[in-house]
Visitor: 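Before anything else, here's the structure in question.
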Number of protein chains: 2
Amino acid sequence: MHKRLILSLITKKKNSLFHYSFNTPNFQLLPKIVKRRVYALKRLQLQSANIEAKFYEEVHELERKYAGLYQPIFDKRRDIVAGAIEPTDEECEWQSDREEEELAEDLQKKAALEEKQADSAGADDPKGVPEFWLTIFKRVDMLAEMLQEHDEPILKHLQDITVKFSEPGQPMSFTLEFHFEQNSHFSNTVLTKVYKMKSEPDAEDPFSFEGPEIIDCEGCKIDWQKGKDVTVRIVKKKQKHKGRGTVRTVTKEVPQDSFFNFFSPVKGKRKCDLDLTLATDFEIGHFFRERVIPRAVLYFTGEALEDDESYNSKLLCVIQDLDEEGEEEDEGEFDPTVSI
Amino acid sequence: MHKRLILSLITKKKNSLFHYSFNTPNFQLLPKIVKRRVYALKRLQLQSANIEAKFYEEVHELERKYAGLYQPIFDKRRDIVAGAIEPTDEECEWQSDREEEELAEDLQKKAALEEKQADSAGADDPKGVPEFWLTIFKRVDMLAEMLQEHDEPILKHLQDITVKFSEPGQPMSFTLEFHFEQNSHFSNTVLTKVYKMKSEPDAEDPFSFEGPEIIDCEGCKIDWQKGKDVTVRIVKKKQKHKGRGTVRTVTKEVPQDSFFNFFSPVKGKRKCDLDLTLATDFEIGHFFRERVIPRAVLYFTGEALEDDESYNSKLLCVIQDLDEEGEEEDEGEFDPTVSI
């Protein structure tokens, strides 16, 4: 399901451009009476599109229902990761024999040694699975690209990522929730990002409908502790007084790369011409929802990475394309060495 | 939904190869107590996979339900295409103003002229929408690649393509049905192709599960009229008698390219080493089910082609890859000029 949506996001832009130039030539050469029948077929196709929209609404309902079924499993995952519960021996049984077999023998020895070291070093008894989510961020290319060194200490406090679906009867949406333990960086315990969806055929272009699409998103305000906001950095700027020729130094906050830019700007603040960046944002939100949240442990161990290889490489192409087009708005004018 | 499945088919092969080599190194370095917890998380992940399988079963049920809702529309389409019913004026209303606008003016004039000619030429009153399905075959690259000149007269008799889903409680499958009017080529009125699906996690590799997959397919026997089978051609072969040195000419049926090879071989006859060709076959079956059947008129007019561009180009890459690997089994030994 997720891959369908992604592709529909990618192909959507082009459709509208070519929609009319494509269909006409041959069609116009048909006898009038046949053309008339084809119009009747197109009207039938509209009916199909409306039925399809209802189908996707029912699928969304199913997803809500299943979210409830997954929840106890995700809750348990969270508790094990956080160290709130210790799984029983039975719950930890895993026929790792085969995995061990595949390990080259010398690697095995090395591992045994380092494991011993790790065990004694970690004699202070690690709590739960340390850096579970941070490790996932580092391992998944799409997330690693957003991750900056200054984000890492903060993400060590990330305890869970969950998804909430819109209630029935409400406009379709889903909300990613990033749950943090108390930390010295910000006072929020949950950071949220809402993705709004549209699941009916567009009146202007009904035939391009292929199921729900993300159409908008909204971050949240992060209540940074004083001086802890990693999405900005302080630069010193020298200003020359035009008349007197004296120079003074002023400090200024300028944006800097950070995963936490994912939560800004909040609604309405986004520039209208950033459609392409929005598309990237949608991909990432969708990736959290459909891949990272449902199978986090497989990203932690690396098992899910190969599954996603073709998926990621396609996305990365798109993201790179988008980056190139938007590049001119980065940095540059804020560089303190340039100004005087 | 369809694109998800396609991608899962494409990526599947690789997964099993890398599954174990990928996940171990870092993981092995974790302290034993943490590793133990991660095994617990993996067991939880297995539970998720089983719930996911149930989700997809319910989606399949929904698809069955909606197939029933689409059916009256598809029936009407079939009747209009075949000329069995003439749509009312109201049913043919279409605001084609915008489409006309976009037509360059000279193209419009040309079209008007040719339309007139077509109308008078077609004074014999074309029935329904002539060559509706054949036109679709010609316009869609993936189908056009299978289409041979000798297939075209036969496909003019194709009146409908439908899909049937397996009954609840039965193993998951879908059947493509190609409905033909009476013709001089074969006596079947329906040619069928069944695609069998698997919708539970593989015991060997449960984490690779991403929803139903096509696992097998089965064509049908075509009862060709004598001498009309387009999937073979008669070649003359000269044979030299080893002892006497005399030469005689024998005739032999050899396979030739045709869309109708899509229906063969019937179950069990396919060679085991043709996995890759099977993958191509699965893509095509899936494409009929998810794209061509639900939105046939848009392929007829060309409107759906642009939507599929990125989809097709990806598929074609795969198909080409597969073709190259399988090439050596084509032709060659059957070439009559080589043998003596």
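We name chains A, B, ... by the order of the sequence lines, and we start the count at 1 in each one.
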Visitor: Where on E52(A) is there a heavy atom nearer than 4.5 Å to chain B: the side chain, the backbone, both, or neither?
Guide: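 Both backbone and side chain of E52(A) come within 4.5 Å of chain B.
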Visitor: Check I33(B) against P126(A) and note the closest heavy-atom contact, atom names and distance.
Guide: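 In terms of heavy atoms, the two residues are closest at CG2-CG, 4.0 Å.
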Visitor: Checking heavy atoms, do the side chain of K65(A), its backbone, both or neither come under 4.5 Å from chain B?
Guide: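 Answer is side chain: those atoms of K65(A) sit under 4.5 Å from chain B.
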Visitor: Donor-acceptor pair, E303(B) side chain versus S208(A) backbone, under 3.5 Å?
Guide: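 Such a contact is absent between E303(B) side chain and S208(A) backbone.
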Visitor: At a 4.5 Å cut-off on heavy atoms, which part of Q45(B) comes close to chain A: side chain, backbone, both, or neither?
Guide: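 The side chain, not the backbone.
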Visitor: Is there a donor-acceptor pair under 3.5 Å between the side chain of R43(B) and the backbone N or O of E93(A)?
Guide: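 Pair found, side chain donor or acceptor close to backbone of E93(A).
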Visitor: Judged by atom type as modelled, is there a donor-acceptor pair below 3.5 Å linking the side chain of R36(B) to the main-chain atoms of P87(A)?
Guide: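 Yes; judged by distance alone, with no hydrogens or angles, the pair exists.
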Visitor: Under a 4.5 Å heavy-atom cut-off, does chain B meet the side chain of L298(A), its backbone, both or neither?
Guide: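 For L298(A), the contact with chain B is made by the side chain alone.
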Visitor: What part of T135(A) is in contact with chain B, defined as an atom under 4.5 angstrom from a non-hydrogen atom: side chain, backbone, both or neither?
Guide: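 Neither part.
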Visitor: Using a cut-off of under 4.5 Å for heavy-atom pairs, which of V34(A), L62(A), I80(A), T88(A) has the most such pairs with chain B?
Guide: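 Option with the greatest count: L62(A).
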Visitor: In chain order, what residues pass the side chain to side chain contact (heavy atoms under 4.5 Å, CB included) check against I51(B), with sequence neighbours excluded?
Guide: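 Per chain and number, I51(B) pairs via side chain to side chain contact (heavy atoms under 4.5 Å, CB included) with Y66(A), L69(A), Y70(A), I73(A).
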Visitor: Distance-only, no hydrogens or angles: does the R37(B) side chain make a donor-acceptor pair with backbone N or O of K127(A) under 3.5 Å?
Guide: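 Absent.
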Visitor: Working to the nearest 0.5 Å, report the span between CZ of F209(B) and CZ of R295(A).
Guide: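 Atom-to-atom, F209(B):CZ and R295(A):CZ are 9.0 Å apart.
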